[in-house]
Number of protein chains: 4
Amino acid sequence: MANKAAPDAPPGSAGGTPTRRYSERSRQAIFEAALALVGEVGYEKLTIEGIAARAGVGKQTIYRWWPSKAAVLLDAFGSAADAYEHEGLPDTGDLAADLKAVLRATVDEFNDAAWQAPYRALVAAGTNDEELSRSFVGRLMEPGIRLYVERLRAAREAGELDPDVDLRIGAEMLLSPFSQRWLMRTGELTHAFVDTLVDQVLRGLRRRD
Amino acid sequence: MANKAAPDAPPGSAGGTPTRRYSERSRQAIFEAALALVGEVGYEKLTIEGIAARAGVGKQTIYRWWPSKAAVLLDAFGSAADAYEHEGLPDTGDLAADLKAVLRATVDEFNDAAWQAPYRALVAAGTNDEELSRSFVGRLMEPGIRLYVERLRAAREAGELDPDVDLRIGAEMLLSPFSQRWLMRTGELTHAFVDTLVDQVLRGLRRRD
Amino acid sequence: MANKAAPDAPPGSAGGTPTRRYSERSRQAIFEAALALVGEVGYEKLTIEGIAARAGVGKQTIYRWWPSKAAVLLDAFGSAADAYEHEGLPDTGDLAADLKAVLRATVDEFNDAAWQAPYRALVAAGTNDEELSRSFVGRLMEPGIRLYVERLRAAREAGELDPDVDLRIGAEMLLSPFSQRWLMRTGELTHAFVDTLVDQVLRGLRRRD
Amino acid sequence: MANKAAPDAPPGSAGGTPTRRYSERSRQAIFEAALALVGEVGYEKLTIEGIAARAGVGKQTIYRWWPSKAAVLLDAFGSAADAYEHEGLPDTGDLAADLKAVLRATVDEFNDAAWQAPYRALVAAGTNDEELSRSFVGRLMEPGIRLYVERLRAAREAGELDPDVDLRIGAEMLLSPFSQRWLMRTGELTHAFVDTLVDQVLRGLRRRD
DNA sequence: AATTAAACGAGACGGTACGTCTTGTCTTGGG
DNA sequence: CCCAAGACAAGACGTACCGTCTCGTTTAATT
């Protein structure tokens with residue numbers, strides 16, 4: 001799975017095997033070219049020939065390491081995203097406020113045009129390609145969802161939430177309406193929307209007295 | 001908008017203009033071919049050439065009326081879906097039971113392989129094509145969402161739900177986690193899942209006494 | 001033959017049946033459109049659709065009466081050429097001078113760009129279409145050759161030429177090098193060329209004393 | 001010019017540059033397919049798609065190296081014709097007999113149906129395409145004409161012909177009536193015809209005593 | 001250092017599908 | 001009831017990319 005999307009381990013990855021040699025320079029050039037092109041022409045008109053040309057790289061160098069343009073993009077995107085992500089959600093003790101703060105920031109991020117193209121592209125590609133979507137979800141989405149689950153768990157342990165609540169579904173009640181609106185354009189992504197959403201979801205999760 | 005996807009109105013459509021002439025026979029043949037092919041080979045390998053050949057139709061007859069294979073499929077899908085849809089959700093007085101019943105049926109429908117291909121295809125295409133996604137949402141999704149909003153409204157008027165609840169967001173809390181799991185394969189679609197989902201959502205919407 | 005190129009006789013052509021409605025107006029409009037277009041876009045890009053549009057005529061009206069764009073052009077060209085042609089070559093008593101005068105004029109005519117396009121077009125089309133080339137030769141070329149044959153016959157009867165000379169081949173010795181140079185661009189068409197040609201040909205035809 | 005029709009020199013052609021690589025196999029297959037097809041279906045219905053399919057070659061491989069089907073055919077024909085051609089006309093001392101012998105053989109050749117199709121095709125295509133006709137004439141016709149000019153020159157130097165004769169025009173007087181009859185079907189191509197033609201032409205070129 | 005084997009850039013190859021264009025036939029509706 | 005307008009089935013056009021396959025040429029890691 002990860003194998004398909006992120007092929008044959010980067011140099012760092014030890015292993016007894018005599019270490020496949022490859023050009024880190026080409027790798028970077030390909031990522032840059034792919035991200036630049038997907039922003040310029042969109043995913044549909046993104047071609048491997050185009051990426052190769054832009055990166056100053058032979059087509060075979062791409063085909064050698066990635067099975068599809070989607071896989072290239074996923075790696076490119078992933079390597080750009082690996083940086084942040086690892087901190088966990090804030091916990092000031094006020095769950096609603098914390099969720100609203102994070103989701104408001106995410107609204108702004110998702111409304112950024114430059115950010116949208118490759119992300120949408122990957123979702124679209126994954127929709128029809130199960131293997132790709134599993135890589136995408138596992139690599140880029142699941143970690144995000146888990147942050148929310150953890151924050152909810154903390155709140156539950158603090159006695160704020162009903163002990164019977166299903167945390168995973170709770171997180172999805174928060175995140176799915178959000179990403180659905182963005183993905184399918186079923187509604188606007190605004191701060192007001194996330195505020196209402198958080199309130200309405202938390203009403204259902206909170207402990208009754 | 002609808003104009004692009006569902007071109008130039010069928011003959012019936014009144015209008016002072018002298019009514020664009022076209023062959024209803026070809027139209028039907030194209031829809032059947034498109035739906036059959038998308039099921040057989042998937043969306044990526046669905047080609048306009050293939051549809052034309054299967055339908056026994058010149059390529060130009062497709063290009064004349066639709067801008068893309070996605071638009072053909074949207075129309076095909078829409079014309080197939082126009083049939084049912086118009087009944088409204090059941091209202092037995094037991095909101096939770098009604099929602100669970102409908103969503104369980106929908107789970108089964110969404111787990112049907114034959115059904116998935118064209119639907120996924122359209123979502124994927126729409127992800128990168130705003131105009132298409134607006135047609136898709138307006139024609140196929142919005143009506144569905146509205147059925148849920150209406151059922152919730154009935155419940156609110158019956159005093160079951162809190163008068164302050166945002167019905168639209170309530171409906172999204174029910175439907176988005178569902179379609180998100182299906183679309184991105186972030187989780188399984190089971191009857192148990194929808195049961196828990198309905199319960200947890202309704203806890204947040206119900207009137208407190 | 002003539003049937004194919006000049007179909008179904010114009011209205012004038014007697015016949016008990018008065019029926020056959022046929023629009024002389026359309027016929028003229030088609031000829032004008034065809035000649036204008038072949039001059040503007042050349043023969044290869046001349047299309048029947050284009051002629052119909054320019055003439056303000058339905059395509060079917062052209063297909064009904066002519067089998068190909070070449071046939072249309074042949075008729076158009078023929079009907080334009082029928083006018084002149086019928087006078088016979090000058091006969092001042094000086095054969096060489098007469099031939100040079102006529103051929104020099106023809107040089108000028110053949111070097112006229114506007115004139116070339118449809119004529120070349122017909123020759124080219126005829127090259128691969130025997131029936132068409134027979135119509136073309138019979139209607140447009142043979143009459144011209146015969147004028148030369150007649151002029152040579154007059155000279156032979158006047159005792160200028162050897163009585164054994166083959167007049168037809170004599171005319172071809174004059175005309176073919178000329179048209180060959182024009183058609184295949186094997187050499188320049190100049191007044192000097194025709195002068196030398198006439199002299200060299202006549203040396204062979206003249207009576208020896 | 002030749003460059004356009006015969007692209008990028010065969011591998012042998014020295015040059016410091018690393019020699020454009022291309023498949024001699026494909027080249028030959030294309031020539032064979034083109035010549036076979038033009039004989040079977042004629043030039044108008046000869047298509048590049050058809051050639052590619054018959055040759056087992058991608059369309060692009062043809063488009064990469066030749067600009068049109070006419071250019072393919074010219075190369076194909078040229079490469080087939082390059083073989084013979086290089087011997088010079090016979091010189092038995094009897095000019096008339098030599099010319100008659102060669103022209104009678106050529107009559108037979110030109111009356112051969114298999115031979116006609118591609119040759120006619122090229123002439124027709126060249127008629128409307130100046131560049132092509134220059135290639136065609138330069139590569140296939142001019143060498144032939146020059147053989148006749150040289151034979152006439154030998155005769156002139158042997159004192160058989162008038163020293164003032166224009167050899168080029170003399171050759172055209174022989175060859176053009178011949179090719180004109182063939183090309184435009186203005187008359188039959190028979191041995192009798194060429195005999196008379198040779199006699200009548202030579203009468204005009206021979207030295208007078 | 002010299003050797004050697006892979007990965008590299010370049011790009012030709014056999015193909016598929018694109019979207020456009022023309023052809024000749026068929027259909028519709030106004031005059 | 002003719003005929004312009006134009007939709008239709010068919011299929012060639014030339015283009016863009018696909019994914020595979022040589023070509024020489026780096027480029028390291030092992031000798």
Side-chain angles (χ1 to χ4, degrees), chain A residues 8 11 18-27 29 44-53 55-69, chain B residues 8 11 18-27 29 44-53 55-69, chain C residues 19 21-23 26 44-50 52-53 55-64 66-69, chain D residues 8 18-23 25-27 29 44-53 55-69:
Chain A
D8 291 303
T19 321
R20 280 277 261 273
R21 289 176 291 101
Y22 71 16
S23 158
E24 191 55 33
R25 179 126 75 91
S26 297
R27 190 178 163 84
E44 290 301 333
K45 333 204 83 171
L46 177 68
T47 66
I48 290 196
E49 303 230 348
I51 297 171
V57 137
K59 282 201 293 176
Q60 200 59 20
T61 300
I62 298 182
Y63 282 112
R64 186 153 31 234
W65 302 109
W66 293 276
S68 68
K69 65 177 176 177
Chain B
D8 292 304
T19 319
R20 279 278 258 271
R21 289 174 291 103
Y22 71 8
S23 156
E24 190 56 31
R25 179 128 74 93
S26 297
R27 188 177 166 87
E44 292 299 332
K45 331 206 86 171
L46 176 68
T47 65
I48 290 196
E49 303 228 346
I51 298 171
V57 138
K59 283 202 291 177
Q60 203 55 34
T61 300
I62 299 183
Y63 283 112
R64 184 151 36 232
W65 301 109
W66 295 275
S68 67
K69 64 178 176 177
Chain C
T19 18
R21 300 198 282 97
Y22 169 112
S23 159
S26 296
E44 291 300 332
K45 333 204 85 168
L46 177 69
T47 65
I48 291 197
E49 302 232 350
V57 137
K59 281 202 294 178
Q60 203 55 27
T61 301
I62 298 183
Y63 282 113
R64 196 162 14 243
W66 292 275
S68 69
K69 65 178 175 178
Chain D
D8 290 304
T19 319
R20 275 280 255 276
R21 291 175 290 101
Y22 72 1
S23 158
R25 179 124 78 91
S26 297
R27 190 178 164 84
E44 291 301 331
K45 331 205 86 170
L46 176 69
T47 65
I48 289 198
E49 305 227 348
I51 297 172
V57 138
K59 278 201 295 177
Q60 199 55 35
T61 301
I62 299 183
Y63 283 114
R64 187 152 32 233
W65 301 109
W66 294 275
S68 66
K69 65 177 174 177

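Below, read A as the first sequence line, B as the second, and so on, with proteins coming before strands; counting in each chain starts at 1.
- Residue A/Ile51 contributes atom CD1, which lies 8 Å from atom P of F/dC18 at whole-angstrom precision.
- When the side-chain nitrogen and oxygen atoms of B/Trp66 are compared with OP1 and OP2 of E/dG19, none of them lie within a distance under 4.0 Å.
- Residues A/Ile48 and D/Gly50 both approach DNA chain F. Their nearest nucleotides, taken by heavy-atom distance, put D/Gly50 toward the 5′ side.
- For D/Glu49 against D/Lys59, the heavy-atom pair with the smallest separation is OE2-NZ, 3.0 Å.
- Here the C1' atom of nucleotide E/dA10 and the CD1 atom of A/Ile62 are 13 Å apart, to the nearest Å.
- Map C/Leu46 and D/Val57 each onto its nearest nucleotide of DNA chain E; the residue landing nearer the 5' end is D/Val57.
- A 4.5 Å side-chain heavy-atom check between B/Thr61 and B/Arg64 finds at least one atom pair inside the cut-off.
- Residue-level contact check: A/Gly56 touches the backbone only, with heavy atoms under 4.0 Å from sugar-phosphate atoms and none from bases.
- Here the side chain of B/Tyr63 is nearest to one of E/dC18, F/dA4, F/dA9, namely E/dC18.
- Among the nucleotides F/dC8, E/dT20, E/dA17, the one closest to the side chain of B/Glu49 is E/dA17.
- For A/Thr61, counting side-chain heavy atoms from C-beta on, the closest listed nucleotide (E/dT22, F/dG19, E/dG9) is E/dG9.
- With distances taken from any side-chain atom of D/Gln60 to the nucleotides F/dC21, E/dG15, F/dC13, the minimum falls on E/dG15.
- Taking only side-chain nitrogens and oxygens, A/Arg64 never comes nearer than 4.0 Å to OP1 or OP2 of E/dA7.
- Atom NZ in B/Lys45 sits about 16 Å away from atom C1' in E/dC18, given to the nearest Å.
- One interatomic measurement links the two molecules: NZ of B/Lys69 to C1' of E/dA17, which rounds to 10 Å at whole-angstrom precision.
- Put simply, CD on B/Glu44 is 14 Å from C1' on E/dT16, counting in whole angstrom units.
- Comparing atom distances between the D/Ser26 side chain and each of E/dG9, F/dA12, E/dC13 picks out E/dC13 as nearest.
- Atom CZ of A/Arg25 and atom C1' of F/dA28 are 14 Å apart (whole Å).
- Pairing each heavy atom of B/Ala55 with each of B/Ala29, the nearest pair is CB-O, 3.5 Å.
- In plain terms, the two heavy atoms of D/Ile48 and D/Ser68 that are nearest each other are CD1-C, 4.2 Å.
- Proximity note for A/Lys59 (side chain, C-beta onward) versus E/dT23, E/dC8, F/dC18: the nearest is F/dC18.
- Listed pair B/Trp65 / F/dC8 meets the phosphate criterion, a side-chain N or O lying under 4.0 Å from OP1 or OP2.
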